[in-house]
Amino acid sequence: MSARRSAMFLSAVALAAALAAPAAAPAQDEPDTDAGADEEAAPAAAPAGARSATSAPPMAVPADFGGSLQVVRAPAGTASAAAASGGGPEIFPDARRVWMSVRDTDPVPIEAARRGGRWLCSGGGCAAQTGDPGQSPIGDQILRSIKLQTPTLPLPLTVWGRLSEDGQRLLDFDPVLLGRRSYRHVCAYRPVAPIADAARSPAGAPARGSVDHVDVCRDGRPEPPPPDAGELTLGMQWPKQSEMADFHYLAIVDSCGNARVQPFQRTFTVPVLEVASGGCGRPDGKVLRVFPGGGWLRVTAFNLHEPAAGNVVNATYRVTIPPLENLVESNPARLLFPDPLADDLKVDCGPTPIAPRADPGSAPPPGSPRPPGPAGPAAAPPGGRAASGQPRGGAGTPPPAGARQGPPAAAQGGPAGPAQAALPPPRRAPDADPSRPGPQPLAHGAVVISPAPLRLGNCRIRLTGQTKHRLVAPLALHVSLTRTDQLRGGAPIELLQDGTWIVTPSSAEFPLPPLAEDFDGDARLRLAVHSDPMSPQGKVVLLSDAGRVASSLRSTDPGDPERARRLVGSVAIHSVPLCGEDNFETLEAAGSCFRAYLTVPAMLATLQITRAPWVEKPLVTRSVLSAVGVALAIDRYDPVERRAFPVAAQLGGFVQTLGEGRVGLLGYVGIAPTVPILGSGGNTTSFGFLAGIGLEYITNEAGPDEGLKPAAFLSAVVQVGQAAPQVSASRSASFGTYAGD
């Protein structure tokens, strides 16, 4: 019996070996099998349980794709097809109808699969399950924030994402007035043409079946962004209920035919370009488009060779993009505006009222594109670049009907018509006189201004620059003019009662009022311009103010508007007579000047030669408080430093009491000190020595007149005078004092 059982056992073993041998042989000897295809298909052929055991720990909670727009599933346990056929779904929705750029990952397998190459669903068998085609709260929650980045911002600025009292996210700032970063350097793949249209595909456009070789699309050299170029970035987060899925790629597709593919991450960012007006323009895949009125994006997480969760290949959510402008609320979001440059704010003064004139730096150069912002009433010029490479303004949008007409005959090179020949030539702004001082920037420096323009109110502040033309809403600034050389209550004296300045493109000047109270001809002033983001009269916020006032703008208690102000530009003003100048100069160009003034010298003691040395003796006489005179003094004076050269030349005369009934009338030319002993500036009261030579006529009450005689003297004198530096070496002279200037 045991022998029979042993024989039956051996027969069963032999039969099993015979049945297994034919299956093993073809697997080892098949010559036409593509090794690479087997390697790619092997992970997909493994059951979901085996994949989880080898590549990832088993999921405690299955991924939930509720609220998705579409989910593509592959049959569980089915290997990827080795041959490409047209029955499979696309790697992500509309993959063959949109332009695609790939960032931070290898684009070759993605583009090859998009053309129809091998991937998990290329052989058919995958089924797309359509969800709710409308808006879903789960998809909308993917968008977490919208941020703005410029070269001048140290950190990105959140323009949308704060929660209101009722839980709604609000738009904090509208970026419509900013410039836009150029994305022309980005390389993108064209849409894949169907097989039937492959022969009619334009040059360079890949056909659907051309999967043997995929060229890597490489970016060009990026353009350096200008300081006001803003880049909008969407901050997104994949839904939490589907975080357990293991996806490899993300595809974000806009409504204009552009797609961006990047590696899958739970939280990720996407740069977008806001199109201010018009339609989508020509799609190019370089950057995604969003609109001021809102819109939507589709976010798809997908794999190429492995199911993500069980048999899920990709999942698509619809994400609503909120409006980036607010035209409904009574208190809409404020517009962002680039900060003025150092030379954009200028102060200008003159002896008489100066008519406004066009600043050369404020007009846009010929041929430059229209600055960002809403389109004006005039028709836009025909033509233009693609929307991705042009700042806001509806790039790629067809021009209005009026703009489609051809250019005039003169522009086309033909003869000009009678009407065109009769047109007057354009007016040219008068050239500024280079010999006269011009506007000075509020670049935290110093200038010297004559008192006359400040007293007459002939000074003004101007906002120049090309960015001013974008200002379609009022910008609130605050101007202060304080006197710093005198204090009142321990603080500088404010000379402006109302410094509110509302700037618009048609009114970009702030006239300084005539100064009378608390102002004289010799003063030190500080002119400062502050931003005023909390002003109810302004609807524009400068970029540098946006980050710190965002919470205050949305708060029910905004706080003190003065605390929100920020210094934008300033200049220290030295108000002094400018040696005959009637405008103003920079501190370096002011220099020193010659001044002439009247002084009254009184002799305390004199060593004097009163006789002709070859006729009479004694040669030296001494008298105390014997003479008082008047003289015209000339010296060199620095009005900024309020300091004169220590020695002045004098031309004057004395009435002298010489004793013994004699009186002398002395006319002299001499030199005297100018170091003041009382006050400063125009006060020339001084004590020192006066030396001079001249002629003296001596009369005698007791005897005959002595007549005209040469004289020389050295006296200790006290001089009392008040001078105003009014005589220039190169201009006509004028005399006066500070009080009468």
Side-chain angles (χ1 to χ4, degrees), residues 69-70 90-103 107 110-111 114 133-135 139-140 142-143 146 148 160 175-176 178-193 202 205-206 217 219 230-236 250-262 268-300 302 316-325 369 372 374-375 380 383-400:
L69 184 65
Q70 175 182 295
E90 297 174 325
I91 57 174
F92 55 86
D94 292 338
R96 294 192 179 98
R97 291 194 293 270
V98 299
W99 293 68
M100 179 188 70
S101 62
V102 183
R103 322 305 301 170
I110 301 173
E111 175 64 9
R114 196 171 70 110
Q135 184 176 355
D140 293 345
I142 292 179
L143 181 62
I146 302 179
L148 176 74
W160 177 88
V176 67
L178 297 181
R180 291 295 173 261
R181 182 179 176 183
S182 174
Y183 295 93
R184 275 189 257 174
H185 65 283
V186 177
C187 184
Y189 292 96
R190 293 175 175 269
V192 178
C217 197
D219 292 345
E231 180 181 17
L232 284 177
T233 303
L234 307 181
M236 298 187 174
L250 277 169
I252 305 95
V253 185
D254 63 11
S255 58
C256 297
N258 304 284
R260 174 186 172 96
V261 177
Q262 60 191 40
F268 56 97
T269 59
V270 181
V272 295
L273 177 71
E274 182 185 1
V275 182
S277 61
C280 292
R282 179 185 175 186
D284 52 15
K286 297 178 182 296
V287 64
L288 304 180
R289 270 70 160 183
V290 295
F291 300 92
W296 52 268
L297 298 175
R298 286 179 304 185
V299 180
T300 300
F302 66 97
T316 302
Y317 288 90
R318 186 181 187 275
V319 181
T320 301
I321 303 300
L324 296 180
E325 63 181 3
R385 299 192 297 268
S388 63
Q390 194 182 50
R392 313 246 311 228
T397 306

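Predicted, not measured: the structure shown is a model, and the values here were computed from it.
Summarising the geometry of S101 relative to G285, their closest heavy-atom pair is OG-O, 3.1 Å, with the distance given to 0.1 Å. Residues I146 and P322 come closest through the heavy atom pair CD1-CG, 4.0 Å. Closest heavy-atom contact between T300 and P93: OG1-CD, 3.6 Å. For P271 against Y183, the heavy-atom pair with the smallest separation is CB-OH, 4.1 Å. A pairwise comparison of heavy atoms in L324 and P175 identifies O-CD, 4.2 Å as the closest pair. In this structure, P191 and R96 approach most closely via the heavy-atom pair CB-O, 3.7 Å.
Going from atom CD of Q262 over to atom OG1 of T269 covers 6.5 Å, rounded to the nearest 0.5 Å. Residue L297 holds its CG atom at 9.0 Å from OG1 of T320, rounded to the nearest 0.5 Å. Between F268 atom CZ and R260 atom CZ the span is 10.5 Å, to the nearest 0.5 Å. Taking CH2 of W160 as the start and CG of L234 as the end, the distance is 9.5 Å to the nearest 0.5 Å. Distance CG/L148 to CD/E231: 9.0 Å, rounded to 0.5 Å. The distance from atom CG of D219 to atom CZ of R103, rounded to the nearest 0.5 Å, is 4.0 Å.
Two residues are said to be in side-chain contact when any heavy atoms from C-beta on lie closer than 4.5 Å; M100 and I110 meet this criterion. For the pair V299 and L250, the minimum side-chain heavy-atom distance is below 4.5 Å.
With N258 contributing its side chain and W99 its backbone, the two residues share no donor-acceptor pair below 3.5 Å. With hydrogens and angles disregarded, a donor-acceptor distance shorter than 3.5 Å links the side chain of R114 to the backbone of A95. At least one donor-acceptor pair closer than 3.5 Å links the side chain of K286 to the backbone N or O of V186.
Partners of F302 under the ring pair (Phe, Tyr, Trp, His ring centres under 6.0 Å) rule, at least two apart in sequence or in another chain, are F92, Y249.
The pair D284-R289 meets the salt-bridge criterion, with a side-chain N (NZ, NE, NH1 or NH2) lying under 4.0 Å from an Asp/Glu carboxylate O.
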Requested in this report: In sequence, state the C-alpha distance, the side-chain angles, and the governing distance for L69 and R298, and then conclude on side chain to side chain contact (heavy atoms under 4.5 Å, CB included).
Outcome: CA-CA 9 Å; L69 184 65; R298 286 179 304 185; 3.8 Å; yes

